[in-house]
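Written below as structure tokens is the structure these notes are about.
Computed over heavy atoms, backbone and side chain alike; hydrogens, waters and symmetry mates excluded.
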Amino acid sequence: MTKIKIDGFQLFCMMFIFILGSTLLLDIGKAARQDAWIVPLLATFFGCLLYLVYISLYKRYPNMPLTGYLIKIWGKYVGGAISFCYIIYFVYIASRVLRDFEELLISSSYYVTSIITLGICMTFVLIYSTHLGIEAFARVTCLCFVVILLTLFILNILYVVGGYIKVENLQPVLANGWGNIGKELVPLGITVPFGELITFTMILPYLNKKNQAATIGLSAIIIGGITLTINSIILLCVLGPETVLRSSFPALTAVSYINIASFIQRLDTFILILMVILGFVKITIYFFCAVIGAADLFRMKPSVTNIYLIGGVIFFSSLMIAPSYQAHINEGLKIVPYLLHLPFHIAIPILLLITAYIKQKIKPTLSREGRLLFF
């Protein structure tokens with residue numbers, strides 16, 4: 001690995017913001033209606049278990065990204081092919097998240113602006129931040145972390161002060177049993193956002209104190225999960241389960257309700273700034289993973305040309321990924337979790353860990369047998 005390093009707090013900020021990401025925007029699990037808040041709460045537990053799988057692989061190969069130890073464990077051809085698939089996956093999900101935020105900006109403020117114009121502007125910012133390197137980006141996420149916490153705190157205080165919190169919207173609890181919660185939890189609730197932490201298998205080798213990886217990651221997952229749970233409760237209390245379900249962007253709808261003394265109102269800008277920051281961090285992390293993966297797989301140094309090339313692919317993919325926003329959402333909720341998230345987040349890492357464990361057990365046995373035969 002290179003001498004590029006990030007510290008524990010920077011990694012925590014990156015992971016925390018990544019977990020919030022587009023999940024805070026779309027409120028995953030809202031189909032469970034008044035029980036939607038239970039989904040991120042349960043998903044946090046399973047997210048911790050999944051992260052322990054990633055950490056187990058990282059501890060075996062602390063100086064390699066995921067694309068590196070895929071080849072180490074499964075060989076040049078199988079491991080190399082799957083590594084390439086991961087790079088394509090990172091680019092694809094980056095383009096999906098970019099499309100989410102393009103649609104958010106168009107539907108909220110930039111009504112007459114072309115999605116192409118917004119996409120170009122956002123892509124150039126992503127390319128620039130990736131070109132500066134992961135150390136500079138990690139420092140920026142620390143500032144973003146503070147801005148996000150302050151914004152969420154102020155908005156939640158305004159909901160309470162304005163009397164918009166109606167706890168009765170959370171009742172009755174489990175009126176429809178665990179069925180809807182289970183459908184929202186598996187696979188989407190677990191894989192988004194916690195399974196997406198597979199991206200950090202590409203970034204963990206840059207951590208300066210490698211023994212902190214497990215503690216920092218689990219802390220970010222737990223705090224991020226609690227934040228998503230609180231956010232879901234707030235949205236349900238303010239809007240009610242039916243409005244949350246119908247709204248494309250529940251967080252944006254909820255903030256439009258705020259009107260205190262006809263003075264504090266029209267705070268949509270705050271939520272837009274918050275969402276743009278979350279989107280910027282999440283897409284850039286996927287961007288970094290694609291660049292790091294390509295450099296590792298093809299044994300080349302990250303260059304400006306490669307960054308522009310991958311950025312261009314992300315931009316054009318975000319436009320061509322679906323003919324409409326509704327088609328984009330349906331694809332993301334009904335197809336992608338089963339076809340991509342389950343294998344890339346869960347199946348492949350678990351199989352990889354099992355293979356690494358078996359090889360670790362077999363190798364000493366073969367070595368001992370070889371020494372006996374020699375003597």
Side-chain angles (χ1 to χ4, degrees), residues 1-21 50-73 79 83 86-87 89-91 93-94 126-145 193-221 223-224 280-304 306-307 310-311 344-345 349 352-353 356:
M1 293 300 298
T2 63
K3 294 182 180 179
I4 298 172
K5 294 294 178 185
I6 58 175
D7 62 36
F9 181 68
Q10 290 170 342
L11 179 65
F12 173 83
C13 292
M14 290 170 66
M15 294 185 75
F16 176 80
I17 298 173
F18 184 86
I19 287 170
L20 298 189
L50 199 53
Y51 184 72
L52 291 176
V53 174
Y54 304 156
I55 284 296
S56 298
L57 287 166
Y58 167 69
K59 287 181 177 178
R60 283 172 165 78
Y61 307 96
N63 296 314
M64 286 186 181
L66 172 64
T67 50
Y69 52 75
L70 267 166
I71 296 172
K72 186 82 172 178
I73 296 172
S83 294
Y86 265 104
I87 295 169
Y89 172 76
F90 294 144
V91 171
I93 300 299
L126 296 170
I127 289 171
Y128 179 69
S129 60
T130 306
H131 175 62
L132 289 178
I134 197 164
E135 283 182 306
F137 173 72
R139 290 193 292 269
V140 170
T141 57
C142 295
L143 177 61
C144 294
F145 175 74
F194 301 109
E196 291 180 310
L197 293 174
I198 189 71
T199 51
F200 284 87
T201 56
M202 305 294 291
I203 295 172
L204 286 175
Y206 295 102
L207 184 63
N208 58 0
K209 296 181 180 178
K210 300 188 183 300
N211 59 339
Q212 295 181 343
T215 306
I216 292 168
L218 292 174
S219 300
I221 291 170
I223 295 173
F280 161 72
V281 172
K282 187 162 188 174
I283 301 167
T284 305
I285 288 173
Y286 273 114
F287 200 154
F288 269 118
C289 291
V291 172
I292 293 168
D296 180 66
L297 180 62
F298 299 110
R299 297 291 184 267
M300 60 184 184
K301 292 183 179 181
S303 65
V304 177
N306 295 335
I307 292 172
I310 293 174
F344 283 108
H345 295 175
L352 199 62
L353 182 60

Apply side-chain contact (heavy atoms from CB on, under 4.5 Å) to the pair Thr201 and Ile198, showing each step before the final yes or no.
CA-CA 6 Å; Thr201 56; Ile198 189 71; 4.1 Å; yes
Of all the heavy-atom pairs spanning Arg60 and Ala356, show the shortest one and how long it is.
CD-CB, 4.0 Å
Hey, can you tell me if Tyr89 and Phe344 have their rings parallel, tilted or perpendicular (30° and 60° cut-offs)?
parallel
Does Asn208 use its side chain to pair, donor to acceptor, with the backbone of Lys5 at less than 3.5 Å?
no
Just say parallel, tilted or perpendicular for the rings of Phe145 and Phe9, cut-offs at 30° and 60°.
perpendicular
Considering all heavy atoms, the nearest Leu50-Gly195 contact
CD2-CA, 3.6 Å
Validation row: Val140, Val281 side chains within 4.5 angstrom (heavy atoms):
no
List the atom of Ser219, the atom of Phe12, and the distance in Å for their closest heavy-atom pair.
C-CE1, 3.9 Å
Is there a side-chain contact between Ile6 and Ile203 in this structure, where contact means two heavy atoms from C-beta onward sitting under 4.5 Å apart?
yes
Check: Lys210 side chain, Pro205 main-chain N or O, donor-acceptor pair, under 3.5 Å:
yes
Check whether any side-chain heavy atom of Leu218 sits under 4.5 Å from a side-chain heavy atom of Leu52, and report yes or no.
yes
Test side-chain contact (heavy atoms from CB on, under 4.5 Å) on Thr199 and Ile93; report intermediate values, then the result.
CA-CA 11 Å; Thr199 51; Ile93 300 299; over 6 Å; no
Worked verdict on Leu11 versus Leu204 for side-chain contact (heavy atoms from CB on, under 4.5 Å)
CA-CA 8 Å; Leu11 179 65; Leu204 286 175; 3.7 Å; yes
Apply side-chain contact (heavy atoms from CB on, under 4.5 Å) to the pair Ile134 and Ile4, showing each step before the final yes or no.
CA-CA 8 Å; Ile134 197 164; Ile4 298 172; 3.4 Å; yes
Quick check against the 3.5 Å criterion: does Tyr54 have a side-chain atom that pairs as donor or acceptor with the backbone of His345?
yes
Taking all non-hydrogen atoms of both residues, which atom of Met300 and which atom of Ala294 are closest, and how far apart?
CE-O, 3.9 Å
What is the minimum heavy-atom distance between Tyr58 and Ala213, and which atoms define it?
CE2-CB, 3.6 Å
Check: Ile19 main-chain N/O paired with Glu196 side-chain donor or acceptor under 3.5 Å
no
Check whether more than 12 heavy atoms from other residues, nucleotides or ligands sit under 6.0 Å from atom OH of Tyr128, and answer yes or no.
no
Thr215 (side chain) donor-acceptor with Gln212 (main chain) under 3.5 angstrom
no
Knowing that exactly one of Phe287, Phe288, Tyr206 qualifies, which makes a ring-ring contact (aromatic ring centres under 6.0 Å, His included) with Phe137?
Phe288
Locate the shortest heavy-atom distance separating Ile216 from Gly8; write the atom from each residue and the value.
CD1-CA, 3.2 Å
